Each structure stands twice: as C-alpha cells, then as structure tokens.
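Here the structure is a predicted model, which is why all the values come from computation and not from measurement. Below, chain A is the first sequence line, B the second, and so on; all start at residue 1. The figures here come from the full heavy-atom set of this structure, side chains too, leaving out hydrogens, waters and symmetry mates.
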Protein chains: 4
Amino acid sequence: MIDRILAATAQVLEERGYAGLSTNRVAEQAGVSVGSLYRYFADKNELIEELRARSSADVLGELTGALTDAVAMPARDGVRHVLAVLVGSLQRHRAITAAMIDEAPLGAHGNILPEVERQLAQVTRIFVAVHAPSLDPAEAEARIHLAMGVALNACLRIALQPAPGITEDRLIDLTADLMVLGLVPDPLGRSATHAE
Amino acid sequence: MIDRILAATAQVLEERGYAGLSTNRVAEQAGVSVGSLYRYFADKNELIEELRARSSADVLGELTGALTDAVAMPARDGVRHVLAVLVGSLQRHRAITAAMIDEAPLGAHGNILPEVERQLAQVTRIFVAVHAPSLDPAEAEARIHLAMGVALNACLRIALQPAPGITEDRLIDLTADLMVLGLVPDPLGRSATHAE
Amino acid sequence: MIDRILAATAQVLEERGYAGLSTNRVAEQAGVSVGSLYRYFADKNELIEELRARSSADVLGELTGALTDAVAMPARDGVRHVLAVLVGSLQRHRAITAAMIDEAPLGAHGNILPEVERQLAQVTRIFVAVHAPSLDPAEAEARIHLAMGVALNACLRIALQPAPGITEDRLIDLTADLMVLGLVPDPLGRSATHAE
Amino acid sequence: MIDRILAATAQVLEERGYAGLSTNRVAEQAGVSVGSLYRYFADKNELIEELRARSSADVLGELTGALTDAVAMPARDGVRHVLAVLVGSLQRHRAITAAMIDEAPLGAHGNILPEVERQLAQVTRIFVAVHAPSLDPAEAEARIHLAMGVALNACLRIALQPAPGITEDRLIDLTADLMVLGLVPDPLGRSATHAE
DNA sequence: AATGAATGAGATTTCATTCAT
DNA sequence: AATGAATGAAATCTCATTCAT
C-alpha cells in the first residue's frame, strides 16, 4: 500500500509537477482513499520526504555498484565512471529529481540527495587518502566538501539540462578532470616541478 | 510604495519561506492593503519576478565592479576576487536568494540568477580567449558552461551553507583554483610533459 | 446534498437576486461547507446551469402533460389550456424564473427557457400543419418563431407581473386568441370574403 | 462631463459587456477620474439607470416621429410603420439594449424601456378608441397591456436576434398583423357573422 | 471641482486534514 | 483497516467607494 501510494506520488509529480501534487490526487492515482494515505503518512510532508528518501536510496544503490567498480580502475577513469553512472541514475529519476529541485521546499541548497552526497563523500575520502596521502586532513575535508557540491551540481546539470552543442560525454569528461584536479593537489607530480 | 511592498515580500520570504508567501501576508507586512499591492503588481507572479529582478540587478552590479577590478589582476587573483565578491553579494541577499533557490518554481535548476550566470559567462569567454587562446571554441564553450555551474553552485554553498571546520576564505581559494584549472587546459604548460 | 444545495441556491436567488448569489452564501444557506458545494459542482456556473436545467425540466414536464391533453381539445381550447398550464408552472417557479430572466447572463433575450420554447415550437408545428395545411412552410416557420416569442413573453408577463385591474384568466384568453389568429392565417375562412 | 461619462459607459458596455462594466473602467474610458464620476453619480446603479433612461429617451424620440406619421395612415400601415421604426431604433442602440436585457439587474421583466412602453400604450389607447370604439374600457386596457408586451418583445427579438431564414420585413409584417388582430376584436366586421 | 491612490470587504476556488461509518 | 464525504481556513484577485490633496 505504501509502495502504491509512493508510486502514485511519483507519477503525479511527473505529470502535474510539484504544484499539482495534492494528497487527494495522489490517493486517487493510487486507487486508494485519502484516509488510507493518512494512515501511512502523517502528513503531506512526510509523504514527500519518504519519496525523496527512496529515490535517494535508489540512486545510492546504483552508485554503490559504480563505486565498487571504480576502485579497480585508474583514478581518473574511476571518477569518470562514477559520474557517468550518477548522471544516468539521475536521468532515470529525472521527473522526481527535477520536481524536487525546482519546487520542493527542501531548505537545503543543492542537497537534494543528502544521502547520496554523504556516501559519495565517504568514498571520496578514501580516494583522497590513497591518491594524496600527504594532504592535510582539514584541507582534504574542504576539498571534498567543495568537490561534492561540484560533482552533484554538475551531474544534475548534465542530467537535467539540455546542453546546447556539447555532448553529455564530453561534459562528464570535463567534470571528471575537474574533480581529479580539485581533489588531488598535483595528480601528475607536477607540483614537484612546480615547487622548484 | 513599490519599494515597501518589495521589502515586505523579501521579509516574508525570509520569515516564512516561499510556501508561506501570500499576497495578503505581504500586504499586511507592508502595512498596505491588498488592493494596493494589486495596483502595483498585476499578480503574485509579477511581484516575485520583480523582486528577483531587483536582487539579480543588485548582485549583478556588485559583480560588474569586481569584474572590472579583476581584469587588472593576475588570472587566479582576478578569479578569486570575483568569487569573493560574489559570495559576499549572495550573503547580503541571503534571504531572497535562499528562498528562491530552494523553492521558487523557476524551471532552471540552480540557475537562479540567470543574468548573473550569463554576465559571468560573457567575461569568462574573454578570460579563456586570453589565457587559453588555442582552445577549440566548442571545447571552450563546454568548459565555460560547466565552470559557470560550478562557480555559482560553489558560491551559493559558501554563501549559504554553514561550512563545518573550513574557513570561507579557504573554500574560495579552492574554488578559484578549480576554476582556473577547469577553464585553462594546462595553465602551466603541463600538457607538454603529459604527452610524452 | 445536491438537492439541498440547489434548494439553497433557489432560495438565495429569491432573497438576494442574481447579484447577491455567492457560493459562500449558498453554502451557508444550505448548512453545508463551501468545500462540499465544490465537491458537487465544478464551479458557480455549473451550479446555476443545473438549477436552470432542473427548473426547465420541471416546467417542461408540466407542459408536456398539458400538450397531451390539448390534442384532444378544439384548437383554441387546447391553446388556452397549454397557456394556462404554462402560466401556472412559471408562477410555481417564480423565484428562479424571475431571477434568471432579469439577471442571469444568458445571452438569449427572453429565451430563458430555450427547451420550453423548442418543445412548444415542435408541437406548434403540428398544430399549424393540421389547422392551416395550405400555409407555405417558410411562412409557417416565421409565424411559429414569432408566436413562440409572443407566447412565452406573454406567459411570463402574466405569471410574474402584477396585472392592474385585469384578471389573469382574461389575459390568458386574449393570448390564446392572439396565438390562434397569429398562427392560422384565416381561422374562419375569412380570407375568402377578404379576397373579394 | 456627465455626457462623457455616459458615453464611456455605453462604450464599455459594448466592448466588455455588463460583467466587464466597472466604475474605474468607465472613468478611464471617459478620460476622467473615478472621483469625478462619483461627483456626478451617487453610485454605479445611478450611472446605469441614467444610461438606460437616456437610451430610452432616444428611442422614444424616434418613436414619437413615427407615431405622428402613423396617425395619417391606414391602421395596419400605421402600426407597421411604428414597429419598423422601433426595430430600427433598437438596432441602433443594440449594444446597450442587449447588455441591459441580458444582464442588468432590472427587476422588471421585459420592461427594459418602460418609458417606451408607456408612450406606446398611450397612443395605442387612442388607436383602440378610434378603431374599436365599442370595446369595453377594461377589456381595452387588457388588450393594450398584452399588446405592448407582445410588441416590445417581438421588436426586441427582431432587432437583436438573428432570424434564421426569415426576413426582418416579413416578421414586422406578421407582428403588425398580430397587433391589429389583437387590439381590435374584429377588424373586418367578422364578428357579426361570427355572432350569429 | 477634480484627482487618483488607497482601501478592504467579499468573491471564487483549492486542498490538507478529519472522522463517522 | 479502509473509506471518502465533509470541512473550513486560506489563497488569489476585483472593484465600488472614499478622501486627502
């Protein structure tokens, strides 16, 4: 029943947008009475929260696979792979993601998928520890904080916005480059030369 | 009167969020009748649009000054300066910016201040032409597109989100680095080495 | 519930006129919430339409009986009977009829009860075919068109307006005469004499 | 100024209908302030009343000429002439007349132009006295009352409604016939034969 | 006299939420 | 557990009318 209601919520969101999302409409779409909806969800907000949490979990699931794959790859390739999977996942949840970003009263900017960001940050910490072990921990955190924002925002842009004249692949490439550059102070030992 | 109404709109937005923004509430806050509000604004949307336009213009004004200053500076310093000013400006318009980003049905994801992004992109094009003249135009556009998203999103994060344990300055530094790295393929002639 | 709302609508119409007919007032009069009103009627217009349709159907029902009776009577008696019943029916629906005629934005002048007029016209066509078979069809239509206006208007006047010093019966008599005269070119073979 | 306001009222009525008639709109159309409008008219109702009175007077003026002409004509021709002029006059005031009939809260059914009806009745009394001198006075009044309704309603129909497949002239002819028949019990001495 | 900005009651309509069945 | 009719606060917007200038 909960699943049916959440599925209906997602569909209404896709078809009518956040402004057109009413509890009655959701119940009707779900083939359920409003009363039942309120048996399983305290209020409209909880309904939305739950849907977001589930979408987040979905994305997270796909992401976890990608992260597992990524550890076996060269750094930049791994990052790229993760980003590509994230973009795909967001596209698959396009409707809900879009509706939420545009309109839902989230109260956190860009943190549409906080769990995703957290998980990504977790793995990124390991990545940084491996590829830039000498980096000061506080400095590393700062870079990760920033990089997460950049990565999520970039992926959302790539996934949801029509890029004029630029292929999605190229954008993912660039983002991957950017992340590696941003996270690892000197990915190719340039700093040695640079420091001289 | 228009100013009073817009000021009231901003305040209601701060106190109640976008969802709590009603024309009656705005009128009351402004100490004005609803009728008057509708004398000056055709409808609720126009009211919001006007507020956004004004905020946008304000930010844009401050940004323009920063961009003018920046041309006389070394590349990275110029970029940093612009970002710092942008962060400050967004902080000063925190309330409206935040409300609009989170909740206003803008239809452009993260692109809350389209004018700002456009203006920034314009100048960035020149920056790229100067500092990476050999870059393929399409490639340059892709990088700028991405960089604008990154820059705005990063500035918004810095301006609006409590950064745990990291100074704002450090984040701006990192963002500046990132932008330079992202926009100019090989700021230090690294690619020569890279190619071998 | 629908009935209660419609009854309330009729009552408000009687007491306050069309201009004083508000959905809130109707709901209050019906002892029902506005929300309920809107559960059963899509909008104010539908409410009014439904009331008109029902009144129309009521009048039509009574009219149909009268028309059935009338066929078995001599022409003038039949006409008179129909008119008398129509007057009575309109009087019984006085409030709604009056409000609608005077004020509802119908777009058809005097044609308040289009169904009634149509039904009446239908039977009148047969009447004419029987009593004035030699009449040119176009001419017959013209006469019927006119007669319907006359009949309805006359009945409305009789039903709704205080006739000073004239009995209702006498007015109905006169109207019946008029209709017979108007519909049948020469009810008593006068034209033969006339032609000489 | 009064004239300007009334002219503006008429124009707004034509362009926007009764529902679109607002005092502010009228004032604007007249190039006058609302305040001024309220200096000359106690309220909106008075404005409308005055406009109706003036339209009525206009129609009345044209009618008076026709009535003067009519006295010199044979009965039926005179009646026909008056009706034709009335139809023309109503057509010339079509917009206002139509708006008023359909929507204005008149409170009197069909009595849109009470002065016109009264004047017409006055002359008709003379007509009846001349052409049916033996008619009982009460009976005469009844016939006149009815005939006025018929005449005005018929003229309004002819003037304002698209008659499908029937010429306006023919309808006026029929109406004239009807009125003569209705007013004079036996215009051609038929009753003598009838009475036997 | 004239202006027109300001008023505010009131109209239509929506929708989250409740509760008797 | 489930239903869904009923609720009513609240939102947007209009417009007749007033009154300080």
Side-chain angles (χ1 to χ4, degrees), chain A residues 1-2 4-5 12 16 19-28 30-48, chain B residues 1-2 4-5 12 16 19-28 30-48, chain C residues 1-2 4-5 12 16 19-28 30-48, chain D residues 1-2 4-5 12 16 19-28 30-48:
Chain A
M1 170 124 296
I2 288 185
R4 227 157 82 185
I5 294 171
V12 171
R16 310 262 197 166
L21 180 73
S22 84
T23 48
N24 283 295
R25 196 116 68 188
V26 167
E28 190 192 20
V32 152
S33 70
V34 220
S36 295
L37 189 156
Y38 274 87
R39 168 164 288 282
Y40 295 107
F41 299 92
D43 54 21
K44 195 189 180 186
N45 216 52
E46 197 172 295
L47 177 67
I48 294 169
Chain B
M1 172 118 294
I2 288 185
R4 220 156 91 186
I5 294 171
V12 171
R16 310 266 200 162
L21 181 74
S22 85
T23 49
N24 279 319
R25 200 114 69 185
V26 167
E28 190 189 21
V32 150
S33 71
V34 219
S36 293
L37 189 156
Y38 277 89
R39 170 177 256 296
Y40 295 106
F41 300 93
D43 54 22
K44 195 190 179 185
N45 214 53
E46 197 172 294
L47 176 67
I48 294 168
Chain C
M1 172 117 296
I2 287 185
R4 219 157 89 189
I5 294 170
V12 171
R16 310 266 199 160
L21 181 73
S22 85
T23 49
N24 281 317
R25 199 114 69 186
V26 167
E28 191 190 20
V32 151
S33 71
V34 220
S36 294
L37 189 156
Y38 276 88
R39 171 176 255 295
Y40 295 106
F41 300 93
D43 53 23
K44 195 189 178 185
N45 214 53
E46 197 172 296
L47 177 67
I48 294 168
Chain D
M1 170 126 295
I2 288 185
R4 225 156 85 186
I5 294 171
V12 171
R16 311 263 197 166
L21 181 73
S22 84
T23 50
N24 284 295
R25 196 115 69 189
V26 167
E28 190 192 21
V32 151
S33 71
V34 219
S36 294
L37 189 155
Y38 275 86
R39 169 164 287 281
Y40 295 109
F41 299 92
D43 55 21
K44 195 189 180 185
N45 217 52
E46 198 173 294
L47 177 68
I48 294 168

Tell me every residue that passes side-chain contact (heavy atoms from CB on, under 4.5 Å) with [X], counting only those two or more places apart in sequence or in another chain.
{"X": "D:E28", "result": "none"}
{"X": "C:S36", "result": "C:M1, C:V32, C:S33"}
{"X": "C:R39", "result": "none"}

**Study point:** Phosphate contact (E:dC15 OP1 or OP2) by A:T23 side-chain N/O below 4.0 Å
**Key:**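 For A:T23, the contact criterion (side-chain N or O under 4.0 Å from OP1 or OP2 of E:dC15) is not met.
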
Length of the line joining [X]:[atom1] and [N]:[atom2], which is rounded to integer Å:
{"X": "D:R25", "N": "F:dA16", "atom1": "CZ", "atom2": "P", "result": "10 Å"}
{"X": "B:R16", "N": "F:dA10", "atom1": "CZ", "atom2": "C1'", "result": "12 Å"}
{"X": "A:L21", "N": "E:dC15", "atom1": "CG", "atom2": "P", "result": "10 Å"}
{"X": "A:E46", "N": "E:dT17", "atom1": "CD", "atom2": "C1'", "result": "14 Å"}
{"X": "A:D43", "N": "E:dC15", "atom1": "CG", "atom2": "P", "result": "17 Å"}
{"X": "C:E28", "N": "E:dA11", "atom1": "CD", "atom2": "P", "result": "11 Å"}
{"X": "A:K44", "N": "E:dT14", "atom1": "NZ", "atom2": "C1'", "result": "11 Å"}

Point to revise | Base versus backbone protein contacts along nucleotides 1-8 of chain E [heavy-atom cut-off under 4.0 Å; B, S, -] | key: SSBBBBBB

Practice item. Could you go through the side-chain contact (heavy atoms from CB on, under 4.5 Å) check for B:F41 and B:I48 one step at a time? Key: CA-CA 9 Å; B:F41 300 93; B:I48 294 168; over 6 Å; no

**Study point:** Which atom of D:G20 lies closest to which atom of D:V12, heavy atoms considered
**Key:**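 Result for this residue pair: O-CG1, 3.8 Å.
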
Exercise for review: Mind listing the closest non-hydrogen atom pair of C:I5 and C:A30 along with its distance?
Suggested key: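 Of all heavy-atom pairs spanning C:I5 and C:A30, the closest is CA-CB, 4.2 Å.
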
**Study point:** Among F:dT17, F:dT12, E:dT13, the nucleotide that comes nearest once only the side chain of D:Y38 is considered
**Key:**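 Nearest listed nucleotide: F:dT17.
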
Practice item. Return one dot-bracket line describing DNA chain E 5' to 3' (Watson-Crick or G-U wobble pairs, both distances under 3.5 Å; ( ) same strand, [ ] crossing, | another strand, . none). Key: .||||||||||||||||||||

Review point. How about D:L21 and D:L47: do any of their side-chain heavy atoms sit closer than 4.5 Å?
Key: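 No, every pair of side-chain atoms sits at 4.5 Å or beyond.
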
